Amino acid sequence: MSIANPKQTVSNPTIPFAGTILGGLQPGEMVLIQGAVPSDSDRFQVDLTCGSSTKPRADVAFHFNPRFKRSPCIVCNTLQKEHWGKEEIHYQMPFRQGAAFEIIMLVQKDLFKVAVNGSHVLEYRHRMDLGKVDTLLISGKVTIQAIGFIPNVSSAPPTPSIVMSKVTKANALFSESGDLSVPYKGRLETGISPGNTLTVKGKVGVYPHSFAVNLRVGDSEDIALHLNPASRPASSSGTPSWASAGGQRRWRCPASPSPGEYFEMIVHCEAQKFKVAVNGVHLLDYKHRVQDLTRVNQLEILGDLQLLDVKLW
(Lines give C-alpha, C1' and ligand atoms only; values in the text may rest on other atoms or scores of the structure.)
Protein backbone atom coordinates (compact mmCIF):
# COMPACT_ATOMS: atom_id res chain seq x y z
CA MET A 1 0.00 0.00 0.00
CA SER A 2 1.15 3.53 -0.68
CA ILE A 3 -0.06 4.71 2.73
CA ALA A 4 1.50 3.29 5.89
CA ASN A 5 -0.27 1.63 8.83
CA PRO A 6 -3.62 0.55 7.37
CA LYS A 7 -6.05 -0.89 9.93
CA GLN A 8 -7.06 -3.63 7.48
CA THR A 9 -5.76 -4.83 4.09
CA VAL A 10 -6.79 -7.29 1.37
CA SER A 11 -4.43 -8.49 -1.37
CA ASN A 12 -5.39 -9.76 -4.84
CA PRO A 13 -9.06 -10.47 -4.07
CA THR A 14 -11.21 -12.49 -6.43
CA ILE A 15 -13.83 -10.37 -8.21
CA PRO A 16 -16.70 -10.11 -7.38
CA PHE A 17 -15.42 -9.26 -3.90
CA ALA A 18 -17.38 -8.77 -0.67
CA GLY A 19 -15.48 -7.91 2.50
CA THR A 20 -16.46 -6.81 5.99
CA ILE A 21 -15.04 -3.45 7.07
CA LEU A 22 -13.97 -4.18 10.63
CA GLY A 23 -15.32 -1.41 12.83
CA GLY A 24 -17.20 0.25 9.97
CA LEU A 25 -16.16 3.64 8.62
CA GLN A 26 -15.45 6.75 10.68
CA PRO A 27 -14.97 10.37 9.53
CA GLY A 28 -11.33 10.97 8.68
CA GLU A 29 -10.69 7.43 7.47
CA MET A 30 -9.84 6.45 3.91
CA VAL A 31 -10.52 3.50 1.63
CA LEU A 32 -7.65 2.90 -0.79
CA ILE A 33 -8.06 0.61 -3.81
CA GLN A 34 -5.29 -0.24 -6.28
CA GLY A 35 -6.11 -2.10 -9.48
CA ALA A 36 -6.34 -2.02 -13.25
CA VAL A 37 -9.07 -1.74 -15.88
CA PRO A 38 -8.94 -4.55 -18.50
CA SER A 39 -8.81 -3.35 -22.11
CA ASP A 40 -12.25 -4.86 -22.81
CA SER A 41 -13.97 -3.51 -19.67
CA ASP A 42 -17.35 -1.87 -20.15
CA ARG A 43 -17.87 -0.98 -16.47
CA PHE A 44 -17.06 -1.82 -12.87
CA GLN A 45 -18.38 -0.69 -9.51
CA VAL A 46 -17.29 -0.09 -5.95
CA ASP A 47 -20.08 -0.15 -3.36
CA LEU A 48 -20.04 0.76 0.32
CA THR A 49 -22.96 -1.22 1.71
CA CYS A 50 -24.88 -2.21 4.83
CA GLY A 51 -24.14 -5.94 4.78
CA SER A 52 -23.81 -8.24 1.77
CA SER A 53 -27.30 -9.72 1.48
CA THR A 54 -28.56 -10.30 -2.06
CA LYS A 55 -32.15 -11.25 -1.19
CA PRO A 56 -33.28 -8.82 0.03
CA ARG A 57 -30.51 -6.69 -1.43
CA ALA A 58 -28.47 -4.82 1.15
CA ASP A 59 -28.66 -1.03 1.21
CA VAL A 60 -25.88 0.71 -0.71
CA ALA A 61 -24.73 3.94 0.93
CA PHE A 62 -22.32 4.84 -1.90
CA HIS A 63 -22.41 3.32 -5.39
CA PHE A 64 -19.35 4.34 -7.46
CA ASN A 65 -19.70 3.06 -11.04
CA PRO A 66 -17.27 3.99 -13.87
CA ARG A 67 -18.74 3.22 -17.31
CA PHE A 68 -16.77 3.19 -20.55
CA LYS A 69 -19.32 2.66 -23.35
CA ARG A 70 -20.75 5.57 -25.39
CA SER A 71 -20.01 8.66 -23.28
CA PRO A 72 -17.59 7.54 -20.55
CA CYS A 73 -18.77 8.67 -17.12
CA ILE A 74 -18.92 7.81 -13.42
CA VAL A 75 -22.40 7.19 -11.98
CA CYS A 76 -22.95 7.58 -8.23
CA ASN A 77 -26.10 6.64 -6.34
CA THR A 78 -27.64 5.20 -3.15
CA LEU A 79 -29.87 2.14 -2.82
CA GLN A 80 -32.34 2.03 0.08
CA LYS A 81 -34.92 -0.70 0.63
CA GLU A 82 -34.11 -2.06 -2.86
CA HIS A 83 -34.89 1.27 -4.55
CA TRP A 84 -32.28 3.47 -6.24
CA GLY A 85 -32.24 7.20 -5.65
CA LYS A 86 -31.41 9.91 -8.17
CA GLU A 87 -28.20 9.31 -10.10
CA GLU A 88 -25.32 11.75 -9.95
CA ILE A 89 -23.34 11.56 -13.21
CA HIS A 90 -19.77 12.84 -13.54
CA TYR A 91 -18.18 13.11 -16.98
CA GLN A 92 -14.64 13.64 -15.76
CA MET A 93 -13.19 10.18 -16.48
CA PRO A 94 -9.80 9.46 -14.85
CA PHE A 95 -9.91 5.72 -15.65
CA ARG A 96 -8.55 4.29 -18.91
CA GLN A 97 -9.11 0.85 -20.34
CA GLY A 98 -5.90 -1.16 -20.09
CA ALA A 99 -4.40 1.12 -17.42
CA ALA A 100 -3.72 0.86 -13.70
CA PHE A 101 -5.39 3.12 -11.13
CA GLU A 102 -5.45 4.06 -7.46
CA ILE A 103 -8.72 5.19 -5.85
CA ILE A 104 -8.81 7.00 -2.52
CA MET A 105 -12.19 7.52 -0.86
CA LEU A 106 -11.93 9.97 2.03
CA VAL A 107 -14.75 9.62 4.55
CA GLN A 108 -16.01 12.88 6.00
CA LYS A 109 -18.87 13.63 8.36
CA ASP A 110 -21.24 14.73 5.61
CA LEU A 111 -19.76 13.37 2.38
CA PHE A 112 -17.27 11.13 0.56
CA LYS A 113 -14.41 12.72 -1.37
CA VAL A 114 -12.94 10.61 -4.17
CA ALA A 115 -9.53 11.01 -5.79
CA VAL A 116 -8.12 8.86 -8.59
CA ASN A 117 -4.41 8.70 -9.38
CA GLY A 118 -3.77 11.62 -7.04
CA SER A 119 -6.37 14.00 -8.51
CA HIS A 120 -9.71 14.99 -6.98
CA VAL A 121 -12.62 13.61 -9.02
CA LEU A 122 -15.90 14.06 -7.14
CA GLU A 123 -17.76 14.52 -3.87
CA TYR A 124 -20.85 12.58 -2.83
CA ARG A 125 -23.01 13.68 0.09
CA HIS A 126 -24.26 11.02 2.51
CA ARG A 127 -27.87 10.02 1.93
CA MET A 128 -27.98 7.54 4.81
CA ASP A 129 -26.37 6.97 8.20
CA LEU A 130 -22.63 6.35 7.81
CA GLY A 131 -22.73 4.15 10.92
CA LYS A 132 -24.63 1.47 9.00
CA VAL A 133 -21.84 0.94 6.43
CA ASP A 134 -19.89 -2.23 7.19
CA THR A 135 -19.12 -3.92 3.84
CA LEU A 136 -17.11 -3.18 0.68
CA LEU A 137 -18.29 -4.76 -2.58
CA ILE A 138 -16.36 -4.65 -5.88
CA SER A 139 -17.71 -6.17 -9.09
CA GLY A 140 -17.56 -5.85 -12.86
CA LYS A 141 -14.64 -6.05 -15.29
CA VAL A 142 -11.77 -4.95 -13.07
CA THR A 143 -8.72 -6.50 -11.43
CA ILE A 144 -7.70 -5.48 -7.90
CA GLN A 145 -4.22 -5.80 -6.43
CA ALA A 146 -4.78 -4.29 -2.99
CA ILE A 147 -7.41 -2.78 -0.71
CA GLY A 148 -6.56 -0.83 2.41
CA PHE A 149 -8.65 0.80 5.12
CA ILE A 150 -6.63 3.70 6.50
CA PRO A 151 -7.40 5.02 10.02
CA ASN A 152 -7.77 8.68 10.84
CA VAL A 153 -4.18 9.84 11.09
CA SER A 154 -5.16 12.58 13.55
CA SER A 155 -5.83 10.01 16.26
CA ALA A 156 -4.24 6.76 17.31
CA PRO A 157 -5.82 3.78 15.52
CA PRO A 158 -8.04 1.82 17.89
CA THR A 159 -7.46 -1.89 18.32
CA PRO A 160 -9.82 -4.20 16.39
CA SER A 161 -11.41 -5.54 19.57
CA ILE A 162 -12.37 -2.01 20.63
CA VAL A 163 -13.54 -1.04 17.15
CA MET A 164 -15.71 -4.12 16.66
CA SER A 165 -17.39 -3.88 20.05
CA LYS A 166 -18.30 -0.21 19.71
CA VAL A 167 -22.07 0.26 19.98
CA THR A 168 -24.18 3.40 19.98
CA LYS A 169 -27.70 4.46 20.82
CA ALA A 170 -28.35 4.72 17.08
CA ASN A 171 -28.08 0.93 16.97
CA ALA A 172 -30.18 0.45 20.14
CA LEU A 173 -27.86 -2.43 21.07
CA PHE A 174 -25.63 -2.40 24.13
CA SER A 175 -22.93 -4.91 24.97
CA GLU A 176 -23.21 -6.15 28.53
CA SER A 177 -19.60 -7.37 28.62
CA GLY A 178 -18.02 -4.54 26.62
CA ASP A 179 -16.57 -6.87 24.00
CA LEU A 180 -17.53 -9.53 21.47
CA SER A 181 -16.30 -12.56 23.34
CA VAL A 182 -18.55 -15.62 23.33
CA PRO A 183 -20.83 -16.31 25.17
CA TYR A 184 -22.16 -12.89 24.23
CA LYS A 185 -25.11 -11.06 25.77
CA GLY A 186 -26.39 -7.78 24.40
CA ARG A 187 -29.29 -5.69 25.68
CA LEU A 188 -31.89 -4.27 23.28
CA GLU A 189 -32.75 -0.94 24.85
CA THR A 190 -36.40 -0.81 23.76
CA GLY A 191 -36.94 -4.40 22.73
CA ILE A 192 -37.37 -5.28 19.07
CA SER A 193 -40.05 -3.93 16.75
CA PRO A 194 -41.26 -4.38 13.16
CA GLY A 195 -38.81 -2.80 10.76
CA ASN A 196 -35.73 -3.64 12.88
CA THR A 197 -32.91 -5.61 11.28
CA LEU A 198 -30.31 -7.56 13.24
CA THR A 199 -27.01 -8.61 11.61
CA VAL A 200 -24.58 -11.08 13.15
CA LYS A 201 -21.19 -11.68 11.50
CA GLY A 202 -18.74 -14.29 12.63
CA LYS A 203 -16.45 -17.18 11.81
CA VAL A 204 -17.41 -20.76 12.60
CA GLY A 205 -14.89 -22.77 14.61
CA VAL A 206 -12.64 -25.22 12.74
CA TYR A 207 -13.96 -28.14 14.81
CA PRO A 208 -17.43 -26.87 15.72
CA HIS A 209 -20.01 -28.65 17.85
CA SER A 210 -22.77 -26.08 17.40
CA PHE A 211 -23.65 -22.48 18.04
CA ALA A 212 -26.87 -20.62 18.73
CA VAL A 213 -28.36 -17.16 18.33
CA ASN A 214 -31.24 -16.41 20.71
CA LEU A 215 -33.59 -13.46 20.97
CA ARG A 216 -34.73 -13.74 24.58
CA VAL A 217 -37.36 -12.24 26.84
CA GLY A 218 -35.33 -10.68 29.64
CA ASP A 219 -35.73 -11.92 33.21
CA SER A 220 -37.37 -15.16 32.01
CA GLU A 221 -36.57 -18.43 30.29
CA ASP A 222 -38.65 -17.50 27.23
CA ILE A 223 -36.92 -17.35 23.84
CA ALA A 224 -38.74 -15.56 21.02
CA LEU A 225 -36.39 -16.88 18.32
CA HIS A 226 -33.79 -19.65 18.61
CA LEU A 227 -31.45 -20.29 15.66
CA ASN A 228 -29.12 -23.25 15.96
CA PRO A 229 -27.19 -24.90 13.10
CA ALA A 230 -27.26 -28.64 13.76
CA SER A 231 -23.88 -30.15 14.58
CA ARG A 232 -24.71 -33.07 12.27
CA PRO A 233 -27.03 -33.30 9.25
CA ALA A 234 -30.61 -33.95 10.31
CA SER A 235 -31.49 -36.10 7.32
CA SER A 236 -30.11 -38.95 5.25
CA SER A 237 -29.42 -36.47 2.44
CA GLY A 238 -26.55 -35.06 4.49
CA THR A 239 -27.87 -31.50 4.10
CA PRO A 240 -27.12 -29.26 7.12
CA SER A 241 -30.15 -27.95 8.97
CA TRP A 242 -31.15 -25.16 11.32
CA ALA A 243 -33.43 -25.61 14.32
CA SER A 244 -35.80 -22.98 15.68
CA ALA A 245 -38.10 -22.68 18.70
CA GLY A 246 -36.47 -25.30 20.85
CA GLY A 247 -36.00 -27.77 18.00
CA GLN A 248 -39.74 -27.99 17.26
CA ARG A 249 -39.03 -27.41 13.58
CA ARG A 250 -36.01 -27.77 11.31
CA TRP A 251 -35.14 -26.24 7.94
CA ARG A 252 -32.64 -27.66 5.49
CA CYS A 253 -30.07 -24.99 4.78
CA PRO A 254 -27.59 -25.18 1.88
CA ALA A 255 -26.38 -21.72 2.99
CA SER A 256 -25.33 -22.98 6.42
CA PRO A 257 -21.73 -21.90 7.16
CA SER A 258 -19.10 -24.64 7.15
CA PRO A 259 -16.33 -25.11 9.73
CA GLY A 260 -13.77 -22.32 9.52
CA GLU A 261 -15.93 -20.14 7.27
CA TYR A 262 -17.15 -16.59 7.76
CA PHE A 263 -20.89 -15.96 7.72
CA GLU A 264 -23.42 -13.15 7.84
CA MET A 265 -26.82 -13.76 9.40
CA ILE A 266 -29.62 -11.23 8.91
CA VAL A 267 -32.81 -11.32 10.98
CA HIS A 268 -35.51 -8.89 9.81
CA CYS A 269 -38.49 -8.32 12.07
CA GLU A 270 -41.90 -7.86 10.43
CA ALA A 271 -45.30 -7.34 12.03
CA GLN A 272 -46.19 -11.04 12.02
CA LYS A 273 -42.86 -12.85 11.64
CA PHE A 274 -39.08 -12.89 11.55
CA LYS A 275 -37.34 -13.35 8.18
CA VAL A 276 -33.89 -14.94 8.35
CA ALA A 277 -31.17 -14.96 5.68
CA VAL A 278 -27.69 -16.52 5.87
CA ASN A 279 -24.88 -15.49 3.51
CA GLY A 280 -27.32 -13.60 1.32
CA VAL A 281 -29.73 -16.53 0.92
CA HIS A 282 -33.24 -16.43 2.43
CA LEU A 283 -33.52 -19.28 4.93
CA LEU A 284 -36.86 -19.14 6.70
CA ASP A 285 -39.86 -17.20 7.92
CA TYR A 286 -40.82 -17.69 11.57
CA LYS A 287 -44.15 -16.42 12.91
CA HIS A 288 -44.01 -14.58 16.22
CA ARG A 289 -44.91 -16.68 19.25
CA VAL A 290 -44.07 -13.86 21.67
CA GLN A 291 -46.58 -11.24 20.64
CA ASP A 292 -45.29 -8.36 22.78
CA LEU A 293 -42.00 -7.72 21.02
CA THR A 294 -41.00 -4.96 23.45
CA ARG A 295 -40.31 -7.79 25.94
CA VAL A 296 -37.71 -9.29 23.58
CA ASN A 297 -34.83 -7.27 24.96
CA GLN A 298 -31.81 -9.57 25.05
CA LEU A 299 -29.57 -11.04 22.36
CA GLU A 300 -27.60 -14.16 23.31
CA ILE A 301 -24.92 -15.84 21.16
CA LEU A 302 -23.36 -19.09 22.32
CA GLY A 303 -21.14 -21.85 21.00
CA ASP A 304 -18.18 -22.52 18.76
CA LEU A 305 -17.64 -19.34 16.80
CA GLN A 306 -15.62 -16.13 16.68
CA LEU A 307 -17.99 -13.17 16.80
CA LEU A 308 -16.92 -10.26 14.57
CA ASP A 309 -19.81 -7.80 14.48
CA VAL A 310 -23.31 -7.35 15.90
CA LYS A 311 -25.63 -4.58 14.82
CA LEU A 312 -29.31 -3.69 15.17
CA TRP A 313 -31.11 -0.86 13.42
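Computed from a predicted model, the values in this text were never measured in an experiment. Just the heavy atoms: all of them, side chains too, but no hydrogens, waters or symmetry mates, feed the values below.
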Output yes when a side-chain donor or acceptor of Asp285 lies under 3.5 Å from a complementary backbone atom of Lys275, and no otherwise.
no

Pairing donors with acceptors under 3.5 angstrom, does anything connect the side chains of Lys201 and Thr135?
yes

Count I, L, V, M, F, W, Y as connected when their side-chain heavy atoms are under 4.5 Å apart, and connections chain through other members. Are Leu198 and Leu284 then in the same cluster?
yes

With a 6.0 Å cut-off on the ring centroids, do His126 and Phe112 count as close?
yes

Least distance between heavy atoms, Leu293 atom then Val290 atom:
CD2-O, 3.6 Å

Heavy-atom closest pair (Pro13 atom, Val10 atom, distance to 0.1 Å) is CB-CG1, 3.9 Å

Rounding to 0.5 Å, atoms CD1 (Ile104) and CD (Gln34) come to a distance of 8.5 Å

Starting at CG of Leu215, measure out to CG of Asn297 and round the result to the nearest 0.5 Å.
10.5 Å

Side-chain touch Val46/Ile33, heavy atoms, less than 4.5 angstrom:
yes

Checking side-chain contact (heavy atoms from CB on, under 4.5 Å) for the pair Leu122/Ile74: CA distance, chi angles, key distance, verdict?
CA-CA 9 Å; Leu122 61 87; Ile74 299 173; 4.0 Å; yes

Check whether any side-chain N or O of Thr143 sits under 3.5 Å from a backbone N or O of Ala36 as a donor-acceptor pair, and report yes or no.
yes

Looking only at non-hydrogen atoms, find the nearest pair between Cys76 and His90 and report the distance.
SG-CD2, 4.1 Å

About how many Å separate CG of Asn77 and CD of Glu88, when rounded to the nearest 0.5 Å?
8.0 Å

Are Val75 and Met128 in one and the same hydrophobic cluster, where Ile, Leu, Val, Met, Phe, Trp and Tyr link if side-chain heavy atoms are under 4.5 Å apart?
no

What is the distance from atom CD1 of Ile103 to atom CE of Met30, rounded to the nearest 0.5 Å?
14.0 Å

Between Leu130 and Pro27, is there a side-chain heavy-atom distance shorter than 4.5 Å?
yes

Check whether any side-chain heavy atom of His226 sits under 4.5 Å from a side-chain heavy atom of Arg216, and report yes or no.
no

Apply side-chain contact (heavy atoms from CB on, under 4.5 Å) to Val142 and Phe17, showing your working.
CA-CA 11 Å; Val142 66; Phe17 167 79; over 6 Å; no

Quick one, Leu227 and Phe274 - any side-chain contact, counting heavy atoms below 4.5 Å?
no

Do you know the tightest heavy-atom contact between Ile266 and Ser53?
CD1-CB, 3.3 Å

Distance-minimising heavy-atom pair for Pro56 and Glu82
CA-OE2, 3.6 Å

Would you call the rings of Phe44 and Phe101 parallel, tilted or perpendicular if under 30° counts as parallel and over 60° as perpendicular?
parallel

Output the distance between atom OG1 (Thr9) and atom CZ (Phe149), rounded to the nearest 0.5 Å.
9.5 Å

Are Leu111 and Leu32 connected, step by step, through hydrophobic side chains (Ile, Leu, Val, Met, Phe, Trp, Tyr) whose heavy atoms are closer than 4.5 Å?
no

With rounding to the nearest 0.5 angstrom, report the CZ to CD distance, Arg127 to Gln80.
8.5 Å

Smallest separation among heavy atoms of Ala224 and Tyr286, with atom names
O-CE2, 3.6 Å

Would you say the side chain of Leu79 lies within less than 4.5 Å of the side chain of Thr49, judging by non-hydrogen atoms?
no

Measure the shortest side-chain to side-chain distance between Val107 and Val133 over non-hydrogen atoms and say whether it is less than 4.5 angstrom.
no

side-chain hydrogen bond (donor to acceptor under 3.5 Å, both in side chains) pairs, two or more places apart, involving residues 60-74:
Asp47-His63, Asn65-Arg67

Using the rule that two of Ile, Leu, Val, Met, Phe, Trp, Tyr join whenever any of their side-chain heavy atoms come within less than 4.5 Å, decide whether Val60 and Ile147 are in one cluster.
no

Backbone of Gly218 reached by a side-chain donor or acceptor of Gln298 within 3.5 Å
no

side-chain contact (heavy atoms from CB on, under 4.5 Å) assessment of Asp40 paired with Lys141
CA-CA 8 Å; Asp40 63 344; Lys141 287 189 176 181; 3.9 Å; yes

Evaluate side-chain contact (heavy atoms from CB on, under 4.5 Å) for Leu25 paired with Val31, printing each intermediate quantity in order.
CA-CA 9 Å; Leu25 290 176; Val31 181; 4.0 Å; yes

Should Val116 and Met93 be regarded as members of a common hydrophobic cluster, given that ILVMFWY residues are connected when their side-chain heavy atoms come within less than 4.5 Å of each other, either directly or indirectly?
yes

How would you list, by chain and number, every residue that makes a side-chain hydrogen bond (donor to acceptor under 3.5 Å, both in side chains) with Ser139, sequence neighbours excluded?
none

Note, Asn196 side chain near Val267 side chain (heavy atom, < 4.5 Å):
no

Taking atom CZ as the centre, does Arg96 end up with more than 12 heavy-atom neighbours from other residues, nucleotides or ligands that are less than 6.0 angstrom away?
no

List the steps, then state whether salt bridge (Lys or Arg N to Asp or Glu O under 4.0 Å) holds for Lys81 with Asp59.
CA-CA 6 Å; Lys81 297 182 179 178; Asp59 287 350; over 6 Å; no

Is the shortest heavy-atom distance from the side chain of Met105 to the side chain of Leu48 under 4.5 Å?
yes

